[in-house]
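Heads up: numbering here begins at 1 and tracks the sequence.
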Amino acid sequence: MGGGTAGLALASRLAEVQTWDVCVLERGPKEGKMYGWSTNSYKWTSPHDPVWLTEPTLRTMETVRGKEKNVNGDGRMIYIPRWRGMGGTSRVYGAIVRRASPAVLDLWPEGWKHEDLLPYYIKSEDHYCHYDSELSSDITPEDCQRWHGKGGPMQVNPPIKEVFSEFPKALKEICEDKTKPWGGYAGDYNGPLDTRISCSAFQQYKDRTNASYVPTMEARVNRASKTARGSSYTGYFKNSQNQPRVILNAPVTKIQFDDTLKAVGVVYLDGTTGETRELRARKEVILAGGAFDTPHLLQVSGIGPRDLLENIGVNVVSDNPHVGEDLWDHVSVPFVLKLAKTADSLPDTVNIDGTEYNNTAELFRINGPFTWILHLRSNLSERGPKDMADVQIYVMGNSRLFDETEALCSSGKSEDNNGDKSLEGTIRIIDQWPGSRGFIRARTANIFDKPVLNYGWDYKLDGNTSLAFKNIARLFRGQIRLLRETFFGKDTPETLRALVLDEVEPGQNKTTDDELDEWIRGIMVSALHPACTCKMPECVDKFLRVKEVSGLRICDTSAFATQIDGNPTATIFAMAEKLADLLKVQYSADNEDKEEL
């Protein structure tokens with residue numbers, strides 16, 4: 001169930017067994033072809049976007065007659081854009097490749113540690129270090145062989161640093177500063193363990209292509225090639241010789257169980273005819289709907305907390321109190337600078353691997369906004385594993401503050417209250433280990449009724465600020481002050497000082513803890529990495545089997561044992577690769593009863 005990031009990757013690997021009939025039911029509609037980085041007619045809101053909105057967050061609560069009430073009527077809903085359709089949300093987010101740190105994976109069950117997942121991180125990728133020179137990649141041949149794959153379904157590529165504009169180019173000196181919390185520059189933040197805390201150029205899932213956006217070997221070895229978004233659709237499915245069957249516009253409404261509590265099939269709605277159909281599973285049903293849709297389907301199918309199921313009128317198949325709980329997402333705030341016009345300047349010509357190019361504006365567009373990515377440990381040393389990176393910072397180059405709610409609430413024009421269209425540079429700060437936990441709970445027995453999506457972002461109760469918000473605010477204040485010192489301090493390089501004119505967000509007039517906390521409360525958003533809503537080992541076991549039933553597994557971020565300190569896509573692909581190998585072994589003719597990962 002689900003033809004998204006995990007679902008298409010897993011199904012495509014299982015379809016390699018030619019005697020198996022693998023079927024994917026995808027809720028999203030049919031569509032035309034996608035070219036380059038665009039997704040057809042996608043403007044955050046579309047037939048592909050389910051428009052997930054949280055319950056109001058960050059509210060001021062008071063106890064009135066024994067009940068908590070939002071007496072001020074404050075708080076705000078958070079929009080979580082998603083994508084239903086082939087490739088899922090890998091089609092619309094930043095395509096950033098960041099593996100989980102070994103320290104975080106040490107918290108996962110046996111079989112899911114770093115050394116267990118490393119072969120699958122490698123198997124999933126076709127990494128640029130195998131094609132680019134050591135001089136351009138900053139990765140030695142030995143490290144490339146040790147840490148990265150060649151020939152896998154997902155191309156991984158960096159930006160072309162030679163065509164960075166003046167602003168990110170001036171940041172190179174800051175990136176290389178070993179006295180900073182990120183410890184200086186590293187060529188590969190997904191490689192040797194001592195480079196995971198670092199400043200590096202982004203690695204992204206993007207294909208090098210010819211002029212028609214078709215990946216070719218000629219383009220693969222040319223760093224100046226056009227690029228196109230990589231997703232589970234383009235990498236695992238589109239050009240596979242053994243594609244699974246895919247039924248689009250087919251929302252699954254319920255999982256079917258027999259008298260032994262084995263999942264034996266699903267009921268789905270045929271979106272083309274409006275008819276309800278059944279699909280039987282000879283071996284297993286695997287859920288890959290993501291952190292929201294997977295637990296919701298489990299609940300309306302009778303797996304979840306007993307009280308909830310009885311309240312919505314669903315027959316209890318399995319009382320599993322963990323289904324829909326422990327929702328854990330990253331939190332983000334922007335740091336926005338006002339830049340001089342020269343910050344956007346590009347060289348007239350560049351030399352890339354011995355060839356002179358004068359189309360620098362086109363190469364700059366190929367790069368996109370992502371330039372430098374920083375991983376570091378915050379001042380909250382008591383929180384999370386010691387050797388993790390609980391802070392991630394994106395340098396977005398010359399780009400204005402992006403507000404994903406514009407498509408919902410405005411004309412989409414991006415300018416401030418004074419109509420100022422001056423050049424801006426956005427830096428995105430992400431807390432990768434926040435203390436808040438939320439939940440997703442069905443409102444009714446009908447899969448088409450939106451469930452309650454509560455992010456657990458508490459603010460105040462009876463005048464007391466929640467510990468989770470205190471820690472989030474303390475982390476962000478620390479990073480804001482670090483960035484202020486970086487851009488406006490006495491040691492700021494003159495080349496950078498000449499390009500940075502002012503601070504737009506949060507604004508240099510906000511200096512006290514209280515002023516910054518109020519700004520953080522008003523602007524913090526999800527970093528769009530929800531996870532853990534049916535997590536290992538409480539909700540599913542280490543084989544990803546839903547507990548107390550059989551024939552039912554989960555393969556998506558809802559099964560993550562913890563949140564991770566990075567972008568989830570690489571770990572999703574590794575999970576799909578690992579589960580595919582497990583199932584191939586388990587159901588091979590000689591190993592029907594094998595139960596080892």
Side-chain angles (χ1 to χ4, degrees), residues 1-11 23-29 46-55 78-93 232 246-255 263 266-269 271 279 285-304 308-309 312 314 320 322-329 438-455 526 528-535 539-540 544 546 552-560 568-569 572 575-576:
M1 187 281 289
T5 309
L8 269 194
L10 175 61
C23 183
V24 178
L25 292 167
E26 168 52 45
R27 187 167 181 169
S46 81
H48 295 274
D49 184 7
V51 191
W52 285 103
L53 290 168
T54 69
E55 296 293 295
I78 306 297
Y79 170 47
I80 315 293
R82 312 293 283 169
W83 174 271
R84 285 176 177 162
M86 299 282 277
T89 305
S90 66
R91 293 280 296 274
V92 292
Y93 285 178
S232 60
V246 177
I247 304 175
L248 291 170
N249 203 7
V252 175
T253 60
K254 187 167 287 189
I255 306 163
V266 297
V267 179
Y268 72 96
L269 180 68
L279 192 66
V285 175
I286 303 172
L287 307 185
F292 300 157
D293 284 330
T294 286
H296 187 209
L297 178 60
L298 286 171
Q299 290 168 357
V300 300
S301 300
I303 300 178
L308 171 66
L309 303 183
I312 63 174
V314 170
N320 188 328
H322 303 286
V323 174
E325 303 300 303
D326 302 305
L327 173 59
W328 195 356
D329 200 353
F439 57 81
I440 186 162
R441 295 174 185 164
R443 297 179 192 270
T444 74
N446 189 334
I447 194 70
F448 297 105
D449 290 335
K450 277 279 182 70
V452 177
L453 179 59
N454 187 315
Y455 256 45
S526 162
L528 310 177
H529 302 150
C532 303
T533 48
C534 191
K535 70 189 192 76
C539 190
V540 296
L544 303 181
V546 178
L552 182 63
R553 298 188 205 240
I554 293 176
C555 184
D556 58 37
T557 60
S558 59
F560 278 17
T569 308
I572 294 171
M575 175 180 276

Take V540 and H322 through the test side-chain contact (heavy atoms from CB on, under 4.5 Å) and record every step on the way to the result. CA-CA 9 Å; V540 296; H322 303 286; over 6 Å; no

Pair M1-V266, side-chain contact (heavy atoms from CB on, under 4.5 Å): steps then yes or no: CA-CA 9 Å; M1 187 281 289; V266 297; 5.9 Å; no

Derivation and outcome, side-chain contact (heavy atoms from CB on, under 4.5 Å), residues Y93 and L528: CA-CA 8 Å; Y93 285 178; L528 310 177; 3.4 Å; yes

Going through the distances and angles, do V452 and E55 end up as a side-chain contact (heavy atoms from CB on, under 4.5 Å)? CA-CA 7 Å; V452 177; E55 296 293 295; 3.7 Å; yes

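Taking CD1 of I255 as the reference point, atom OH of Y268 lies at 16.0 Å (rounded to 0.5 Å). Here the CG atom belonging to L453 is positioned 6.5 Å from the CG atom belonging to L327, to the nearest 0.5 angstrom. Note that NE2 of H48 is 12.0 Å distant from OG1 of T89, once rounded to the nearest 0.5 Å. Between atom CD1 of residue I80 and atom CZ of residue F292 there is a gap of 5.5 Å, rounded to the nearest 0.5 Å. Note that CZ of R441 is 12.0 Å distant from CD1 of I312, once rounded to the nearest 0.5 Å. One distance of note links CD1 of I247 with CD of E26; it measures 11.5 Å at 0.5 Å rounding.
The two residues G302 and L309 have their closest heavy-atom pair at O-CD1, 3.3 Å. For the residue pair A6 and C555, the shortest heavy atom distance occurs at CB-O, 3.0 Å. Closest heavy-atom contact between V314 and A445: CG2-CB, 3.6 Å. Heavy-atom minimum distance, H296 versus A442: CD2-CB, 3.8 Å. Nearest heavy atoms, I78 versus S526: CG2-N, 4.0 Å. Listed here is the closest heavy atom pair of W52 and R82: CD1-CG, 3.4 Å.
The closest side-chain heavy-atom distance from V546 to L287 is not below 4.5 Å. Side-chain contact between C23 and L279 is present, with heavy atoms from C-beta onward closer than 4.5 Å. You'll find the side chain of E325 reaches within 4.5 Å of the side chain of F439, heavy atoms only. With contacts defined as side-chain heavy-atom distances shorter than 4.5 Å, the pair I447/V252 does not qualify. W83 places none of its side-chain heavy atoms less than 4.5 Å from the side chain of S90.
With T253 contributing its side chain and V267 its backbone, the two residues share a donor-acceptor pair below 3.5 Å. Side chain of K450 to main chain of L53: no donor-acceptor pair is present (N/O by atom type, distance under 3.5 Å, no hydrogens or angles). Between the side chain of D329 and the main chain of H529, a donor-acceptor pair closer than 3.5 Å is present.
Open room surrounds NZ on K254; 12 or fewer heavy atoms of other groups in view lie less than 6.0 Å from it.
Between R84 and D293 there is a salt bridge, with a side-chain nitrogen of the basic residue lying less than 4.0 Å from a carboxylate oxygen of the acidic one.
In summary, the side chains of S558 and D556 do present a donor paired with an acceptor at a separation below 3.5 Å, with no hydrogens or angles considered.
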